[in-house]
Amino acid sequence: MRSAVGRVFVFLLLILGTFLWIGQAVTALTGGEKAAAGAVEVSPEGGETIFWGKGRCFTCHSVGDRGSAVRGPNQGVFGEKFPLPIGARAEERAKERSTKTGQNYVALDYLVESVADPGAYVVEGYKNEMAIVYAPPIALELKEIKAVLAYLQSQGGEVDLEAIEKPSEVSQKYYAKMAAAGRRGRR
Ligand code: HEC
């Protein structure tokens, strides 16, 4: 009698174990929990994933021949309208911003400003209708935005991860603003 109960118990444990094992195998197969937690690396590759995914940038921006969105400026080289990709274009825009604001903008500052405060400089021929990507529903975290910045730099500019981590005062203020908005959104 005792051994019969024992055998049933062992049998049940085996079934439970099998289910747990299948569950883990499926989680591993589908990319695991890491992807769900949004762990992104601050790199052009990490940023590319955000640009064409969670960040929804691709719904308004194409990059050269990739994508078909035209609501926002192409971020690559495209026709006569876009002779410079955004990494290089940002240098030109930064000069304009320096003259206009009296502050010293470098290319990265222009990129940060474009995302943090799209209305500060509205590209000619476009409307001030870029999404606020650090607020819901897109709600990118600062780290994800930094990754996107690296991706934008990699389009014809110099990728400078150190500068992205320790940017100028102009950018730091915008970082603080985006991080604060993100915290509010997550509450
Ligand atoms: C709802 C549409 C929309 C989405 C989504 C969007 N943008 Fe934009 N973006 C625009 C428009 C329109 C402009 C041009 C007007 C302006 O300058 O604000 C623009 C301008 C820009 C510029 C300046 C381009 C230049 O030629 O100077 C950058 C950089 C940029 N967006 C990056 C991004 C990134 C990165 C994302 C995703 C995280 C994104 N945008 C998501 C619509 C969008």
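Whatever order the structure lists ligands and atoms in, that order sets their numbers, starting from 1.
Considering every non-hydrogen atom in both A147 and V40, the closest pair reads CB-CG2, 4.2 Å. The minimum heavy-atom distance between Q153 and V159, with the atom names listed, is OE1-CA, 3.4 Å. Taking both residues in full, the closest heavy atoms of L108 and A163 are given as CD2-O, 3.6 Å, listed atom of the first, atom of the second, then distance. Contact detail for P85 and G156: the closest heavy-atom pair is CG-CA, 3.7 Å.
In summary, no N, O or S atom of S114 is located under 2.8 Å from atom 8 (Fe) of ligand 1. Among the backbone and side-chain atoms of C57, no N/O/S atom is found under 2.8 Å from atom 8 (Fe) of ligand 1.
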Please lay out, stage by stage, how Y151 and Q75 fare under the test side-chain hydrogen bond (donor to acceptor under 3.5 Å, both in side chains).
CA-CA 10 Å; Y151 177 58; Q75 306 288 15; over 6 Å; no

Yes or no on salt bridge (Lys or Arg N to Asp or Glu O under 4.0 Å) for E48 and R66, after CA distance, side-chain angles and deciding distance?
CA-CA 12 Å; E48 186 176 16; R66 187 170 172 192; 2.7 Å; yes

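Nearest protein neighbour of atom 2 (C) of ligand 1, counting heavy atoms only, is C60 SG, 1.8 Å. The protein non-hydrogen atom at the shortest distance from atom 15 (C) of ligand 1 is K127 O, 3.4 Å. Residue, atom and distance of the protein heavy atom nearest to atom 28 (C) of ligand 1 are Q75 NE2, 3.5 Å. Of the protein's heavy atoms, P73 CD, 3.4 Å lies nearest to atom 13 (C) of ligand 1. Looking only at heavy atoms of the protein, atom 18 (O) of ligand 1 is closest to P118 O, 3.1 Å. Protein heavy atom nearest atom 19 (C) of ligand 1, with residue, atom name and distance: H61 CE1, 3.4 Å. Looking only at protein heavy atoms, the nearest one to atom 11 (C) of ligand 1 is G72 CA, 3.7 Å. Protein heavy atom nearest atom 33 (C) of ligand 1, with residue, atom name and distance: M130 CE, 3.4 Å.
The shortest N/O to N/O separation between V123 and ligand 1 falls below 3.5 Å. Note: no N/O pair closer than 3.5 Å links N128 and ligand 1 by distance alone. Of the polar atoms of E129, none of the N or O atoms is found under 3.5 Å from an N or O of ligand 1, judged by distance alone. Checking only distances, G119 never comes within under 3.5 Å of ligand 1, N or O to N or O. For ligand 1, the polar-atom distance check finds an N/O of R89 within less than 3.5 Å of one of the ligand's N/O atoms. Taking any N or O of R71, backbone or side chain, none lies under 3.5 Å from an N or O belonging to ligand 1. Looking at Y110 next to ligand 1, an N or O pair under 3.5 Å apart turns up.
Counting heavy-atom neighbours within 6.0 Å of F78 CZ, excluding the residue itself, gives a total of 12 or less. For Q172, the CD atom is densely surrounded, since the number of other residues' heavy atoms within 6.0 Å is greater than 12. Counting non-hydrogen atoms of other residues, nucleotides and ligands closer than 6.0 Å to CD of E162 gives a total of 12 or fewer. No more than 12 heavy atoms of other residues, nucleotides or ligands sit less than 6.0 Å from atom NZ of K100.
At a 4.0 Å heavy-atom cut-off, ligand 1 touches T59 through the side chain alone. By the criterion of a heavy-atom distance under 4.0 Å, the backbone of R56, and not its side chain, is placed next to ligand 1. Counting heavy atoms closer than 4.0 Å to ligand 1, residue I145 contributes nothing at all.
The aromatic rings of F58 and W52 lie parallel to each other, their planes meeting at an angle below 30°, with 60° marking the opposite boundary.
No hydrogens or angles considered: nothing links the side chains of Y121 and E113 as a donor-acceptor pair under 3.5 Å.
Under the 4.5 Å side-chain heavy-atom criterion for ILVMFWY residues, no single connected hydrophobic cluster contains both L152 and V77. In this structure, Y174 is a member of the same hydrophobic cluster as V42, with clusters built from ILVMFWY side-chain heavy atoms closer than 4.5 Å.
Listed by atom number, the atoms of ligand 1 under 4.0 Å from G55 heavy atoms are 37 (C), 38 (C). Within ligand 1, the atoms closer than 4.0 Å to a non-hydrogen atom of V122 are 15 (C), 16 (C), 17 (O), numbered from 1 in the order shown. The contact set between ligand 1 and Y126, taken as ligand atoms under 4.0 Å from a residue heavy atom, comprises 14 (C), 15 (C). Ligand-side atoms of ligand 1 in range of V148: 35 (C), range being under 4.0 angstrom from any heavy atom. The ligand atoms of ligand 1 that sit less than 4.0 angstrom from a heavy atom of I86 are 24 (C), 25 (C), 26 (O), 27 (O).
For the pair R97 and Y105, the distance from NZ or CZ to the six-membered ring centre is under 6.0 Å and the angle to the ring normal is within 45 degrees.
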